[in-house]
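Below, chains carry the letters A, B, ... as their sequence lines are ordered, and counting in each starts from 1.
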Amino acid sequence: MQNAPSYAILGPTASGKSSLAVEVARRLGGAVVNGDPFQAFEGLAIGTGQPLESEQGGIPHLGYGALPLSATINPADFGASVRQTLSETANPVLVTGSGLYLRGIWNQLSELPLVPEGITERVRAWEGVLGPRTLHRYLAAVDPLRAAQIHPHDPSRIQRALALHLATGGRPSDLMGGVLRGVPEGWRALVVLPARDAMRQRVARRVAWMIGKGWEEEAHAALAAGHGADLRRLRPLGYELWLEGGDPHGVEARIVQLTQAYAKRQVTFFCNQWPEIPVWDPDGESLDVALGKLGIA
RNA sequence: GCCUGGGUAGCUCAGUUGGUAGAGCAAUGGACUGAAAAUCCAUGUGUCGACGGUUCGAUUCCGCCUCCAGGCA
């Protein structure tokens, strides 16, 4: 007895993942499930590119805009909740642009204890005063193995490792390891990968479209709703730039630039972490080719 | 027309008391175990505006021309 496979549509921002997912779900009689952490939040629909109703093609979309802006998430818990949704959905088509969160969804992260907020904040405060190199030396003293994996200039990973050490008293490297890699059993995945020039154009066009839809207003609405001080929520690309103000054309150009760089990082992650996943060029290959690569007759 | 600044990497600019140049951003490649739309790593041959002069040697000094910005007429 073999269960029907689940499908994962991956790829960089603006590549056309969402519209492909709609087509795939239509063929399967299934639903689209969000695996993107930022698109999961309410109040960020435009700037994070959540599929609008007009783009959903009458296919059920689950997990978009569902979390309150005040919520905090992490890849493991988010992944578990997405897994729950997937298990309750017939013929789910997962869409995500986040490699780390895909790890969470596919259960490919070590089970690490929750680090209390206070410890995280304390370590961040240290970093501000001492700088990453000093903290890296500290980490090297308590966990040489983990320290060797992290560059001395990489504050975010150094802080994370140190916080984990302080929270547990142990070595982070002892807590990590043994995770599975690759595409899990029962999954069929596809990376949507436009050619580089096409990707840059797609990003520019999409940013312009999002601005037309009222991105700047959305950013101010989030601020007015009391989320200005909560930088965690304003991390998604662009929001801070809108709130800083300035020449709108300059902001647009900067957002396009940052988004293009981000898209490149996404491609690197998907293609190098899961090299076995087939890639599909949305501008050069037909929908049937995509379906074929997903094993849909 | 005159005066003053300025023309150096794709962009914004440093700099060279004369020995053919370097930062930030961008770009390209890469990493990635709870900040991930984050964070970090690697990669720099550009007629140093044009032409001429001085010099062993000029992007640097001098002359002339040209373009841009501002000011005065």
**Q.** Whether over 12 other heavy atoms sit under 6.0 Å from A/Glu276 CD
**A.** yes
**Q.** P-based separation of B/A26 from B/C41 [nearest Å]
**A.** 13 Å
Q. When all nucleic acid strands are considered with a 4.0 Å heavy-atom cut-off, which category describes A/Arg181: base, sugar-phosphate, or nothing?
A. nothing
Can you check nucleotides 40-43 of chain B for protein contacts, nitrogen or oxygen pairs under 3.5 Å, and list what you find?
{"residue": "B/C41", "atom": "OP1", "partner": "A/His153", "partner atom": "ND1", "Å": "2.9"}

Q.
Please determine whether any donor N or O and acceptor N or O are separated by less than 3.5 Å between the side chain of A/Ser156 and the base of B/U39.
A. no
Q.
Using the ring-ring contact (aromatic ring centres under 6.0 Å, His included) criterion, which residues pair with A/Trp106? Sequence neighbours excluded.
A. A/Trp187, A/Trp274
Q. NA contact type, A/Gly99, heavy-atom cut-off 4.0 Å: base, sugar-phosphate, or nothing?
A. nothing
Q. Quick one: on RNA chain B, does A/Arg146 or A/Arg196 contact a more 5' nucleotide (nearest heavy atom)?
A. A/Arg196
Q: In whole angstrom, give the distance that lies between atom OH of A/Tyr262 and atom P of B/U28.
A: 16 Å
Q. Quantified in whole Å, what is the C1' atom distance between nucleotide B/C13 and nucleotide B/C48?
A. 13 Å
Q | Any A/Gln273 side-chain N or O less than 4.0 Å from OP1/OP2 of B/C32 | A | yes
Q.
Closest approach to the side chain of A/Arg160, judged atom by atom: which nucleotide of B/A35, B/A37, B/U28 is it?
A. B/A35
Q: Measure from the side chain of A/Leu258, starting at C-beta and using heavy atoms only, and say which of B/A26, B/A31, B/U33 lies closest.
A: B/A26
(Q) Nearest to the side chain of A/Lys264, heavy atoms from C-beta on, is which of B/A26, B/G29, B/A36? (A) B/G29
Q. Taking the side chain from A/Tyr7 and the backbone from A/Pro92, do they hold a donor-acceptor pair closer than 3.5 Å?
A. no
Q | Test: A/Asp154 and A/Arg157 ion pair at under 4.0 Å | A | yes
Q) Using atom P of each nucleotide, how far apart are B/G22 and B/U47 to the nearest Å? A) 15 Å
(Q) Using a 4.0 Å heavy-atom cut-off, does A/Thr259 contact any base of the nucleic acid, only the sugar-phosphate backbone, or nothing at all? (A) nothing
Q: Could you pull out all residues at least two apart from A/His220 that satisfy ring-ring contact (aromatic ring centres under 6.0 Å, His included)?
A: none
Q: Applying ring-ring contact (aromatic ring centres under 6.0 Å, His included), name anything that partners A/Tyr101, two or more places apart in sequence or on another chain.
A: A/Phe78
(Q) From the set B/A35, B/G34, B/C32, return the single nucleotide nearest to any side-chain atom of A/Arg124. (A) B/A35
Q: Mind checking ring-ring contact (aromatic ring centres under 6.0 Å, His included) for A/Tyr64 and listing every partner two or more places apart, or none if nothing turns up?
A: A/His61
Q) Taking atom P in both B/U12 and B/A21, what distance in whole Å separates the two? A) 23 Å
Q: Using a heavy-atom cut-off of under 4.0 Å over every strand shown, decide if A/Gly104 touches base, sugar-phosphate, or nothing.
A: nothing
Q) If you write RNA chain B from 5' to 3' in dot-bracket form, with Watson-Crick or G-U pairs under 3.5 Å, [ ] for crossing pairs and | for pairs with another strand, what do you get? A) (((((((..((((.....[..)))).(((((.......))))).....(.(((..]....))).)))))))).
Q) Does A/Thr268 have a side-chain nitrogen or oxygen under 4.0 Å from the phosphate oxygens OP1 or OP2 of B/G30? A) yes
Q.
Using only modelled atom types and a 3.5 angstrom limit, is any donor from either the side chain of A/Gln159 or the base of B/A35 paired with an acceptor on the other?
A. yes
Q: Grab the CG-C1' distance between A/Leu100 and B/U39 for me, whole Å please.
A: 12 Å
(Q) Taking B/G52 as the reference, what is the distance to B/U66 when you measure between their C1' atoms (whole Å, please)? (A) 14 Å
Q. Can a side chain N or O of A/Asn272 be found less than 4.0 Å away from OP1 or OP2 on B/C32?
A. no
Q: Check whether any side-chain N or O of A/Asp283 sits under 3.5 Å from a backbone N or O of A/Pro194 as a donor-acceptor pair, and report yes or no.
A: no
Q: For B/C65 and B/G7, measure between their C1' atoms and round to the nearest Å.
A: 14 Å
Q: Counting heavy atoms from C-beta on, name the nucleotide in B/U28, B/A38, B/C32 closest to the side chain of A/Arg200.
A: B/U28
Q | Rounded C1' spacing from B/A14 to B/U8 in Å | A | 10 Å
Q) Does the side-chain hydrogen bond (donor to acceptor under 3.5 Å, both in side chains) test come out yes or no for A/His165 and A/Arg171, once each step is laid out? A) CA-CA 6 Å; A/His165 165 255; A/Arg171 284 191 290 261; over 6 Å; no
(Q) By the 4.0 Å heavy-atom rule, please label A/Tyr101 as base, sugar-phosphate, or nothing. (A) sugar-phosphate
**Q.** Heavy atoms of other groups near A/Arg27 CZ, more than 12 under 6.0 Å
**A.** no
**Q.** A/Thr120 vs A/Gln260, nearer the 5' end of RNA chain B by closest nucleotide
**A.** A/Gln260
Q | Residues A/Arg124, A/Glu127: salt bridge by 4.0 Å N-O rule | A | no
Q: Write down the distance separating the C1' atoms in B/C61 and B/G1, rounded off to the nearest Å.
A: 28 Å
Q. Looking for any heavy atom pair under 4.0 Å, which part of the strands does A/Ser98 touch: base, sugar-phosphate only, or nothing?
A. sugar-phosphate
